[in-house]
*Asks:* 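Mind looking over this structure? Questions follow.
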Amino acid sequence: MSYEISINGETQPIQILNRDGNKIKVQMGKATYELDVFEREPGIYVVLRNGKTYNYELQAYEPKKYKVNTFSEILDVEIIDPESRYSKNRKGSHDDDADHISTPMPGQVVKVLVKEGQEVKAGDTIVVVSAMKMESEYKVTTDRVVQKVLVKEGEKIDSNQPLVIFESLE
Amino acid sequence: MSYEISINGETQPIQILNRDGNKIKVQMGKATYELDVFEREPGIYVVLRNGKTYNYELQAYEPKKYKVNTFSEILDVEIIDPESRYSKNRKGSHDDDADHISTPMPGQVVKVLVKEGQEVKAGDTIVVVSAMKMESEYKVTTDRVVQKVLVKEGEKIDSNQPLVIFESLE
Amino acid sequence: MIKKILIANRGEIAIRVMNTCREMGIQTVAVYSEADYSSLHVSYADEAYCIGPAPSAESYLNIEKIIEVAKKTGADAIHPGYGFLSENAKFSQRCKDENIIFIGPAPYAIDTMGDKITARKTMMDAGVPVVPGTKEPITDLDDAVKVIKEIGLPVMVKASAGGGGKGMRLVEKEEDIISSVKAAKSEALSAFGNDAVYVEKYISSPHHIEFQVLADNHGNCVHLFERECSVQRRHQKVVEETPSPIMTEEVRKEMGKHAVAAAQAVNYSGAGTIEFITDDNLNYYFLEMNTRLQVEHPITEEVVGLDLVKEQIKIANGEKLSFKQEDLGQRGHAIEVRIYAEDPDNNFMPNPGKIEHIQFPLGPGIRNDTYVYNGFEIPIYYDPMISKLVVWGANRSDAIQRMKRALKVFKINGVKTSIPFLYQIMEVESFVKGRYTTHFIQNNEQELKMRADCNMECAEIGTIVAFLDYMNKREAKLSSINEESASSKWKESGRKFRFLI
Amino acid sequence: MIKKILIANRGEIAIRVMNTCREMGIQTVAVYSEADYSSLHVSYADEAYCIGPAPSAESYLNIEKIIEVAKKTGADAIHPGYGFLSENAKFSQRCKDENIIFIGPAPYAIDTMGDKITARKTMMDAGVPVVPGTKEPITDLDDAVKVIKEIGLPVMVKASAGGGGKGMRLVEKEEDIISSVKAAKSEALSAFGNDAVYVEKYISSPHHIEFQVLADNHGNCVHLFERECSVQRRHQKVVEETPSPIMTEEVRKEMGKHAVAAAQAVNYSGAGTIEFITDDNLNYYFLEMNTRLQVEHPITEEVVGLDLVKEQIKIANGEKLSFKQEDLGQRGHAIEVRIYAEDPDNNFMPNPGKIEHIQFPLGPGIRNDTYVYNGFEIPIYYDPMISKLVVWGANRSDAIQRMKRALKVFKINGVKTSIPFLYQIMEVESFVKGRYTTHFIQNNEQELKMRADCNMECAEIGTIVAFLDYMNKREAKLSSINEESASSKWKESGRKFRFLI
């Protein structure tokens, strides 16, 4: 099976060439890496390369998507196998979030300011969500029509959970 | 299935009467306990009973045998189900360690002082094992005949691994 | 003697208070909301009782419920921590009525310091400097000019009916006084139909410097020196240190005396903090008093060598302070940073979630005041603070180096935190030099966005490690499936089955 | 200037040294044995190199290999920690020959202090008190009696050819002198064929008190006061504290001067420790000098406010001490306990194994010097020390209370540890009163075996929890098997199969 890996958006082929316990030889793009890779605790990695030490903390927030914490940065890494290439192609370019409103963090719905079928103008506040003593207003950036309201006031919500769905712009 | 539980050697019947999330009602011996039991991290338990808090750390060193650390004490707890009752009865009374020598901790064999077939006297040193900068001599307490030597000098050993087997006393 | 204390709080401060209780042999009672069932303060206490649903109003602010638990458990005293009920005069009074010791000041002190106008007046009477300004609105131009000259430039002229910046003028030069007042008055008139204005001294390079005080019930009051809290974001303190890098011994003594005078003016009892706004020339003015333990109290403890919670409890017990002002001194330098679950690269958006893994910095000169653990889910209902990291060093530069070391090895996985931002603060020149004001964060926005470099090699190896992790998991899954299909053969034969049902 | 340091050690002391290096902006190079591949000191360093198999002789004592790594990596200096090569004069010399700075004293100081007889003679010449005794074996009875009267009672008379207690007599009363010497001589004669004896002052209530010294290469030398290390088991220190509870200001000054004189007598450079044996009346005698950093150095750091590793590095750098004796003082009280993987209820048998879970005590006044983590397998080849727990308190009683608090919340699962035993030490009356000698542990054997009570209810609930854990795991296993049998249906249909191979 052939793999590619995407880091912060850039994609390269990747392949394990050889493996002897923790000593691993990997080809990524045109370069070859000989590494000594040790998983100290689940997701906590120590790597030695030519004597230099590297420490990483991994979080697989989806089976093939990782946040790699290097202290200074969090790298976004995605593993792409034939299956994900296939499904990416099928979804095509129409994979944006513009058809619903969601929040990046868990919280509680304070106010829902729209009803189903309502027309809203660019800049209108749709929902108010509270998390950690802070209230945030979520607005639309273009004129839209509300198709469905999925939450009630007072409801606890997860991050990225759709709250209000709009009619398609097409 | 009926269970018994043994704590530091004493055995009592035990049974979960009711369970509602973390709120659990248990009968042990003649007493009933209503507890709020929360496993904070694997093996790390917090229990509330009538407002009082109890903290335990569990280590299941065998599937049915636990060390329960209460800070002040380590309790030895064993769960006894019909299957273990059956196998206990079958093994009968002949379950002592007198037929071999082993060490309670991992280490390294420094010396093996006996050969197969050799007769040894009570008090003779059989093996010397080193662990954590300390050497310990393991002796026999009665006259025996060595049946099998299972380790070599320099070999790394696990805790409770048989090192030397003696001919049966019978 | 206090034998059992109910801690009417949660999070790190509940743990902090319980630590001292344990050291004093005092029993502890925790209260918790339904959302805090899995919080560490529950298991850390001797007893713990749920007092209601997640929203604070229904739990941590629920006076009836908290008093009920205190009475039920026979707690002699209640420690309110900070926030929640800590500056609630009614609660202090209610404890008194119920014969429970409130570990904090009497209602009178809370009330007086809680009202800005009363506090200002009380301080003026006590001879404590306040920000100079008019007490009554002024309509007459000449009066305004006269007042401005009395106060001294720069001043802020504000519409007395105003708000939102309308009718507001900063006056910095003498020749602008008349035109600015006129402009402010006319703007005020057209905006609010009222041309009365206030005049207030404008402090252009403000420092937030506060003094810790301790007062017993026998008339003794001392200060425990200053804390510099000018690194703020949206008026929230981010980094605190002591001593203040701009303080002089002379001003310290003088400010300390004023801090003690401020506390004595309200007959204060317990631990409290007098906040001053201070300019570059160390002119200082009373801002407000916090009638409770502060979040940043640990840096004072590190440098002065006292346990403030212990002192609070001893005072509440009726004991006299066991030291005098001249017995107290500062040794070395301490810095605290507040570590929040937030995304510093995305406008500091709160980032609650599950702490997948946390590894605290340890070793010399490091103190962690915290309440989280591996697997803890940070509730969305409360403050997103994860931990207070405090370092002590022999001097300021040692303390900064130590803080950088600590932040570098402080690993928190699962939520984004302010750690990289806090690290960057330690690198900004004006912080390193100790020349910063409350405008520090906005003045250094660009520099604070920079991140210690993860070079090309580091990023590439990180990418490879993610790939290896994925492949390992995939293999593990495959082999577990093979195993299970092997085990299902056992199942069919009926042998293993018997043990599993 | 030193820019890169190789740390020729492992465990907590390697981490300790690296912490200071990080704070000083110095690069670190770790070396490790094959058994230490998963040790924290490997990942904590900037670079790490394997230097051989598990046995120390083939790795941490392998001078060639360590020098090779230092040269390869361009390390300017080597820090030896304690143990291993830290008191090896050859290694110090070899570093010098290779133009690598050895962070420790010159070979001469190590050699002189490393040989008991030379050290004793050097100290006598320097005016440092040593345990009074004969220098030559005595065969004549009258000579022996004369010497005993000079030394003063009590004395120990020992067969000079002896060993194993034979020919040894403790003389406490004057009337027993002659009979005891005669008995010792005749016993010695029959046992060894030689009736010569030695006579040495006997210290019946010995205290182990040591002084930390720091000396630069410019002739400056100071002491950093004492550490009381009398709580020992088989001559291993178990608990250390500073100040010593039996010390007086007067004796402290005098001992400090002698400690400095001792260091200067060997032209000492760096950090070192002068150990004294002290009796109840604070008569003290030079025992030996440790020419390296001590395990218990943190308590001095806490109370004196210096970073000893930093001072070591600065001295190695050729810098002058930045303080004089009169600038130094002690503040508060510090205690260290050594936490070992051992079973205190089974003759302190080492108990290596896997640390399943570790939770460090945190909060005010607590310092953890450690190197273990969740899942770490303690190697069987080295010292079983897991962690050094250090507390600071405003006074001795606060420090003891804090130590008890810390030990209570220090959770280590997977191996047995000395924590309950250490806790019990804090409870024993003679320790609490500070009246203890090196016989403390043997004198309090029974009391030290007691354990804080896990009452009936606590034990019963603990039993139930084990049962619940078992039942939960059983359920989880059952449902995972059901799931897998569901998944095997997918497998059969070929759909999921595709993603899994």
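In this text the structure is predicted, and so the values were computed from the model without any measurement. Here is the naming used below: chain letters follow the sequence lines, and residue numbers restart at 1 for every chain.
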*Asks:* Between the side chains of Asn62(C) and Glu58(C), is a donor N or O closer than 3.5 angstrom to an acceptor N or O?
*Replies:* no
*Asks:* Give, as side chain, backbone, both or neither, the part of Pro42(A) having an atom under 4.5 angstrom from any heavy atom of chain C.
*Replies:* neither
*Asks:* Would you say the side chains of Ser130(A) and Tyr381(C) form a donor-acceptor pair under 3.5 Å?
*Replies:* no
*Asks:* I'd like to verify something: which residue of Asn69(A), Val68(A), Ile44(A) has the highest number of heavy-atom pairs under 4.5 Å with chain C?
*Replies:* Ile44(A)
*Asks:* For the residue pair Gln232(C) and Arg234(C), confirm or rule out a side-chain donor-acceptor distance under 3.5 Å.
*Replies:* no
*Asks:* Which answer fits Asn472(C), side chain, backbone, both or neither, if we ask what part of it has an atom under 4.5 Å from a heavy atom of chain A?
*Replies:* side chain
*Asks:* Is it true that Tyr45(A) and Glu57(A) share a donor-acceptor pair across their side chains at a distance under 3.5 Å?
*Replies:* no
*Asks:* Side chain, backbone, both or neither: which part of Tyr61(A) has an atom under 4.5 Å from a heavy atom of chain C?
*Replies:* neither
*Asks:* Assess, by modelled atom type and distance only, whether the side chains of Asp469(C) and Tyr66(A) contain a donor and an acceptor separated by less than 3.5 Å.
*Replies:* yes
*Asks:* Counting heavy-atom pairs under 4.5 Å with chain A, which one of Gln359(C), Lys411(C), Glu342(C), Glu356(C) comes out on top?
*Replies:* Lys411(C)
*Asks:* Is it the backbone or the side chain of Lys52(A) that comes under 4.5 Å from a heavy atom of chain C, or both, or neither?
*Replies:* neither
*Asks:* At a 4.5 Å cut-off on heavy atoms, which part of Ile79(A) comes close to chain C: side chain, backbone, both, or neither?
*Replies:* side chain
*Asks:* Checking Arg10(C) against Tyr32(C): charged group under 6.0 Å from the ring centre and within 45 degrees of the axis?
*Replies:* no
*Asks:* What part of Gln12(A) lies closer than 4.5 angstrom to a heavy atom of chain C: side chain, backbone, both or neither?
*Replies:* neither
